[in-house]
*Asks:* 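The structure's right below; bear with me while I get my questions together.
Heavy atoms only: backbone and side chains are in, while hydrogens, waters and symmetry mates are out. Atoms within a ligand are numbered from 1 in the order they appear, just like the ligands themselves.
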Amino acid sequence: MSHNAESTAFRSALEVIRAVEPRVADAIGAELTDQRESLKLIASENYASPATLLAMGNWFSDKYAEGTVGRRFYAGCQNVDTVEALAAEHARELFGAAHAYVQPHSGIDANLVAFWAILADRVESPALKKAQVRQVNDLTEADWFALRRELGNQRMLGMSLDAGGHLTHGFRPNISGKMFDQRSYGTDPATGLIDYDRVAEAAREFKPLILVGGYSAYPRKVNFRILREIADSVGATFMVDMAHFAGLVAGKVFTGDFDPVPHAHIVTTTTHKSLRGPRGGMVLCQPELADQVDRGCPMVLGGPLPHVMAAKAVALAEARRPDFADYAQRIVDNAQALADGLLRRGATLVTGGTDNHLVLIDVSGYGLTGRQAEQALLDSGIVTNRNSVPQDPNGAWYTSGIRIGTPALTTRGLGTAEMDQTAELIHTVLTQTTAGANADGTPSKAKYTLDADLADKIARQATDLLAPHPLYPAINLT
Ligand code: DSN
């Protein structure tokens with residue numbers, strides 16, 4: 001691929017857009033500039049390849065394709081079939097999965113598909129048999145609810161939010177918290193690590209229908225073999241949400257007990273985090289759940305997004321190349337270098353380090369809330385997000401943590417030496433930021449003071465760090 005072709009493609013696209021609404025073209029250009037100039041440490045973000053980005057900007061967006069490959073509710077889906085089948089094939093091969101469903105629009109959607117599939121498998125199949133009907137639509141509503149009450153156990157056991165679990169694992173601001181009676185497993189207060197004996201105990205007491213593994217802010221490997229054994233011991237379905245670490249599974253950094261695919265009945269993911277694809281979701285499952293999973297649209301999803309499925313096929317093809325394994329390993333090497341750099345300078349890290357792509361700094365040691373730290377870092381050109389730490393006294397809004405991750409900077413080509421320099425920049429900002437006070441003199445959880453000249457200096461240093469690693473080097477919009 002010539003550099004020229006990428007540049008021409010994006011420049012031409014912007015020219016076409018500019019002719020209709022120049023402010024959109026300007027915003028797209030400005031977003032590239034902003035992303036190029038900031039030290040992106042948001043653990044859930046990345047930079048998709050030009051091929052992946054371009055696969056999304058076309059007439060596949062115009063097509064309705066409800067249904068599945070070869071079985072659509074609309075005519076003329078032959079090309080959508082091609083890209084959906086390709087994306088699913090790449091996903092199956094990449095992850096060694098029996099079945100892949102690539103339609104979910106996001107991680108929440110993928111989880112909803114999985115929840116429905118599990119409920120339907122557990123409730124619908126026996127219910128249909130009992131009512132001697134062929135499909136759920138043939139049940140009266142009263143029959144359906146009666147049977148679900150009789151047969152349904154809608155309990156979910158997942159990792160608690162402040163230990164690093166995700167909202168969609170049964171928490172109230174998400175529909176999963178309404179669909180399921182939820183109980184959480186946390187982490188050991190002394191080590192910050194999952195205590196599998198405690199998970200087993202909770203499972204024995206609660207008898208969940210679904211045991212959920214996976215996280216969005218836990219900086220360690222999870223032993224999925226043990227979690228599967230726990231699920232089996234109480235007859236639960238074992239579901240893993242690998243959205244954050246799918247790239248590490250794809251790149252074979254997480255193998256054996258730490259690869260969820262051979263152990264879980266069903267695995268969900270997003271495609272845009274460490275996996276470095278387009279913004280979207282995906283479900284992998286064992287054969288017995290495949291029929292229910294494929295009913296995702298229209299059961300819980302709107303019409304599939306064929307342009308995004310095309311981009312998923314491209315990104316998954318990229319992830320099957322040998323260099324993706326090297327990329328995945330470098331993500332972890334960088335996260336460990338960042339963690340070591342912070343620890344050496346005196347930071348407190350949840351679990352004392354990392355063995356995945358993310359690091360969780362407990363910023364209370366700097367006398368700050370997560371919100372103050374997040375803003376002070378942003379003032380200094382360092383983009384992170386605030387995050388709860390286990391047993392967080394500041395709740396989910398202000399928090400006591402900053403979550404940082406390395407997938408994006410690793411894509412740009414930064415290495416371990418630059419991670420140490422990044423640790424220095426973060427530590428300098430956090431030590432030089434002072435928590436502010438409210439008008440009545442009480443401590444504020446949001447206000448802070450950071451010398452503007454220092455923030456500018458750090459931002460310049462951050463830009464210098466990025467300079468040898470230009471983002472999308474082939475793309476010149478001017
Ligand atoms: N919002 C994603 C994250 O940042 O982890 C998870 O949904």
Side-chain angles (χ1 to χ4, degrees), residues 35 38-48 104-115 156 158-177 182 184 187 212-222 239-249 254 260 267-283 300-301 308 312 331-332 335 338 350-351 354 356-361 363 370-371 373-375 377-378 382-390 392 396-411:
Q35 295 213 19
S38 58
L39 204 61
K40 174 147 86 166
L41 283 162
I42 293 184
S44 48
E45 291 189 5
N46 210 329
Y47 305 107
H105 310 160
S106 69
I108 286 189
D109 286 0
N111 285 351
L112 267 178
V113 170
F115 298 153
M156 172 184 286
M159 193 170 195
S160 71
L161 209 49
D162 70 352
H166 191 254
L167 268 186
T168 56
H169 301 172
F171 296 95
R172 255 190 263 150
N174 178 256
I175 184 74
S176 58
Q182 198 267 4
S184 305
T187 46
V212 185
Y215 52 79
S216 57
Y218 179 70
R220 294 293 178 178
K221 283 180 177 172
V222 173
M239 165 178 163
V240 175
D241 178 345
M242 66 168 182
H244 260 264
F245 52 93
L248 304 185
V249 179
F254 286 179
V267 176
T268 60
T269 186
T270 51
T271 45
H272 51 270
K273 297 187 174 88
S274 54
L275 194 51
R276 206 164 59 180
R279 188 159 291 280
M282 189 162 76
V283 181
V300 293
L301 298 178
V308 182
K312 285 173 184 169
I331 291 176
V332 177
L338 192 50
V350 172
T351 78
T354 181
N356 57 21
H357 64 298
L358 71 89
V359 175
L360 194 55
I361 312 173
V363 293
R371 191 176 150 97
E374 177 192 83
Q375 282 303 313
L377 288 166
L378 188 62
I382 303 173
V383 188
T384 64
N385 69 281
R386 64 188 186 279
N387 208 100
S388 299
V389 299
D392 200 314
W397 180 250
Y398 292 107
T399 81
S400 304
I402 286 290
R403 186 187 68 167
I404 52 182
T406 53
L409 291 185
T410 306
T411 293

*Asks:* Any heavy atom of Arg403 closer to ligand 1 than 4.0 angstrom?
*Replies:*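 Within the 4.0 Å threshold, so yes.
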
*Asks:* If you have a sec, work out which protein heavy atom is nearest atom 5 (O) of ligand 1 and how many Å separate them, to one decimal?
*Replies:*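 Protein heavy atom at minimum distance: His244 NE2, 2.6 Å.
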
*Asks:* For Ser44, take its heavy atoms, then give the atoms of ligand 1 lying under 4.0 Å from any of them.
*Replies:*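 Atoms satisfying the 4.0 Å criterion: 3 (C), 4 (O), 5 (O).
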
*Asks:* Is Ser216 in polar range of ligand 1, meaning some N or O pair under 3.5 Å apart?
*Replies:*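 Between Ser216 and ligand 1 (N or O atoms, distance only) the closest approach is not under 3.5 Å.
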
*Asks:* Could you list the atoms of ligand 1 found under 4.0 angstrom from a heavy atom of His166?
*Replies:* 6 (C), 7 (O)

*Asks:* Of the protein's non-hydrogen atoms, which lies at the shortest distance from atom 2 (C) of ligand 1, and what is that distance?
*Replies:*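 In this structure, atom 2 (C) of ligand 1 has Lys273 CE, 3.8 Å as its nearest protein heavy atom.
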
*Asks:* Taking all atoms of both residues into account, what is the closest heavy-atom pair of Arg403 and Ser216, and its distance?
*Replies:*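 Shortest heavy-atom contact: NH1-O, 2.7 Å.
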
*Asks:* Ignoring hydrogens, what is the shortest heavy-atom contact between Asn46 and Ala408? Give both atom names and the distance.
*Replies:* OD1-CA, 3.7 Å

*Asks:* Judged by atom type as modelled, is there a donor-acceptor pair below 3.5 Å linking the side chain of Thr406 to the main-chain atoms of Ile331?
*Replies:* yes

*Asks:* Using the ring of each side chain (for Trp, its six-membered ring), is Phe254 parallel, tilted or perpendicular to Phe245, with breaks at 30° and 60°?
*Replies:* tilted

*Asks:* Side chains of His169 and Asp241 only: does a donor on one sit below 3.5 Å from an acceptor on the other?
*Replies:* yes

*Asks:* Is there at least one protein heavy-atom neighbour under 4.0 Å from atom 7 (O) of ligand 1?
*Replies:* yes

*Asks:* For Leu338, run the side-chain contact (heavy atoms from CB on, under 4.5 Å) check against Leu41, Thr354, Leu358 and tell me which one passes.
*Replies:*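 Per the side-chain contact (heavy atoms from CB on, under 4.5 Å) rule, the option paired with Leu338 is Leu41, out of Leu41, Thr354, Leu358.
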
